[in-house]
Amino acid sequence: MSFQDVIFYIFSAILIASAVGVITVRNPVYSALLLVLAFITCAGLWLLLEAEFLAITLVLVYVGAVMVLFLFVVMMLDINLDRLREGFWKWFPFGAMIALIMVGEISMVLMGKYFGIEEMPAPAPHDVDYSNTRELGRLIYTEYVYAFELAAVLLLVAMVAAIALTLRHREDKKSPDPSKQIQVKKEDRLRIVTIPSEKKKQ
Amino acid sequence: MENIQRQFEQVFGTDWGLMLFTLTSNLVLIFAIVVPLLLCVAYLTFAERKIIAYMQIRVGPNRVTFFGIPWLRGWGQPIADAVKAIMKEIVIPSGANKMLFVLAPILTIMPALAAWAVIPFSPELVLADINAGLLYILAMTSMGIYGIIIAGWASNSKYAFLGAMRSAAQVVSYELAMGFALVCVLMMSQSLNIGDIVNGQQGDSLLNWYLIPLFPMFLVYLISGVAETNRAPFDVAEGESEIVAGFHVDYSGMAFTVFFLAEYSNMILVATLTSIMFLGGWLPPLDIAPFTLIPGFIWLLLKIAFILFFFLWFRATFPRYRYDQIMRLGWKVFIPITLVWIVVLGLIMQLPESIRNLPLLNIWF
């Protein structure tokens, strides 16, 4: 067993353990943090496959931005776990059925003849000058440019919709408007009054 | 080095020997970076206290000295502070979540130090010369926020939690502007490798530095860097008069010092990145004799010190921003500026060859 294999097994073990932890741990904050750990170990696995751009982007986007907001929300909400668990046995058969169907579908795909270890060997090592980032950029902006643009527009629409749903203009709110505040001139606020100084009494 | 590598390979076999050799040599190199860095952090606190003191017509720390030497008065202060911090008890509040409470300072300092791995100190002097260096730095600095959030939550205190929330929102907002500013640098240099970014600024004089074509981005990056490290005038995360000390209220002794170390090493990191991206890194300002004789490492240090002086100067000069003003500056001023500049830069780069060869423009494009 080579050094890389050892690292692979260590990372996989951590990844599986933390992924199981995400759904079994009782405290939602722990569960969010375990998901972060899962993302980071997954990025480590991708680095072993020489996909450094994807690995670092996974850390940058999911760990650095998405999970921070998740953690934010989870910490702010006072989630009552007992109430969440109330309907567990009632919905268990339904959930188990969906889980079984998903496992079946995934295994149908993965156990097919296209996913053997011979069909998908580890990528051939590239020389030092090879830049994964440059190759990805070239592919995204030439061959897959329409798909890429479509995905971007879809995200933009979702973002605009989310803002439109929550945006409210209230006339009676008392909060100050910084852009008005910084445009204030000295003449608007300040009046210099000259007061004759008092004469000292002898 | 090669002899040691061969001995490793003889003892552990070719594959394992090479890996173990890389591991050991990298550990030695990591110490060679981290130990001077932590010394710099210690003396940065001293520099901060002295500089701000002189700006406010005071003297600053002037007692602790080495072996009673009179002209070193004050220079022993950081060492004395460190000894004091190590001796103090680490108090863990009874209502705190003990595991996360201890984990939080570690999670803060880890990315702050890990980002240094890809920083080149001179053309040859770099620990990891990776292709996606800039992305790596962005990823590492974006992870520093976890320590702050977890510290605020695990302390089980309202003040700490409010500080953590403020800090998290602020860092996440300014990261965007920072990232976009770096995208502009990336467009100029056409590479994510930090060594290549510095080499792209090579030329006859400091006109070639990205500071000049990307001047607005330089300002955005520097100010976002101040906000990102929660420094004054953006230090609402630890506003003393409102929420005591922010996310690290309940930390004491070495645990507090670790947060402190992380903040200052992040400051030095932002200063280093600014000098590398915009001020030409290790390149001398003029490519002629007296300047080229000084080694590149010294030039980089001088530039870092220059930017760090700005950080201290800001703190001594500007009044604090209110929270909504900070958010406004980040989202409504910086992000539009950077987005517009990216488009402008892209248009300039797509201009026909004849226009790009005009004087001045031909230096950069």
**Request:** Measure L58(A) against the heavy atoms of chain B and call it side chain, backbone, both or neither at under 4.5 Å.
**Result:**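 No part of L58(A) comes within 4.5 Å of chain B.
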**Y146(B) (side chain) donor-acceptor with V36(A) (main chain) under 3.5 angstrom** =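 No: the side chain of Y146(B) does not pair with the backbone of V36(A).
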Enclosure of [X] [atom1] (heavy-atom neighbours >12, cutoff 6.0 Å):
X       : atom1 : result
Y159(B) : OH    : no
Y321(B) : OH    : no
Y62(A)  : OH    : no

**Message:** What verdict does the side chain to side chain contact (heavy atoms under 4.5 Å, CB included) test give for Y30(A) and N97(B), after you've listed the backbone C-alpha separation in whole Å, the side-chain angles of each residue and the deciding distance to 0.1 Å?
**Reply:** CA-CA 11 Å; Y30(A) 283 169; N97(B) 184 324; 3.1 Å; yes
Which region of [X], side chain (C-beta onward) or backbone (N, CA, C, O), has a non-hydrogen atom less than 4.5 Å from a non-hydrogen atom of chain A, or is it both or neither?
X       : result
M165(B) : both
L138(B) : both
I149(B) : both

Measure across [X] and [Y] and return the closest heavy-atom pair with its distance rounded to 0.1 Å.
X       : Y       : answer
S142(B) : G64(A)  : OG-CA, 3.5 Å
R134(A) : Q190(B) : NH2-O, 3.3 Å
A132(B) : E52(A)  : CB-CG, 4.2 Å

**Request:** Any chance you could measure I56(A), atom CD1, to I137(B), atom CD1, to the nearest 0.5 Å?
**Result:**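 If I round to the nearest 0.5 Å, the distance is 10.5 Å.
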**Asked** Out of curiosity, M143(B) CE to I40(A) CD1, how far, rounded to the nearest 0.5 Å?
**Response**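 Taking CE in M143(B) and CD1 in I40(A), the distance rounds to 4.0 Å.
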**Message:** Which one wins on heavy-atom pair count under 4.5 Å against chain B: L71(A), V68(A), V59(A), V61(A)?
**Reply:**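 Going by pairs under 4.5 Å, I would pick V68(A).
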**Asked** Under the side chain to side chain contact (heavy atoms under 4.5 Å, CB included) criterion, do L103(B) and L33(A) qualify, and how do the steps go?
**Response** CA-CA 12 Å; L103(B) 194 67; L33(A) 288 174; 5.7 Å; no
**Prompt:** With chain A, which of I130(B), V172(B), L100(B) has the greatest number of heavy-atom pairs at distances under 4.5 Å?
**Reply:**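 Between I130(B), V172(B), L100(B), the count favours L100(B).
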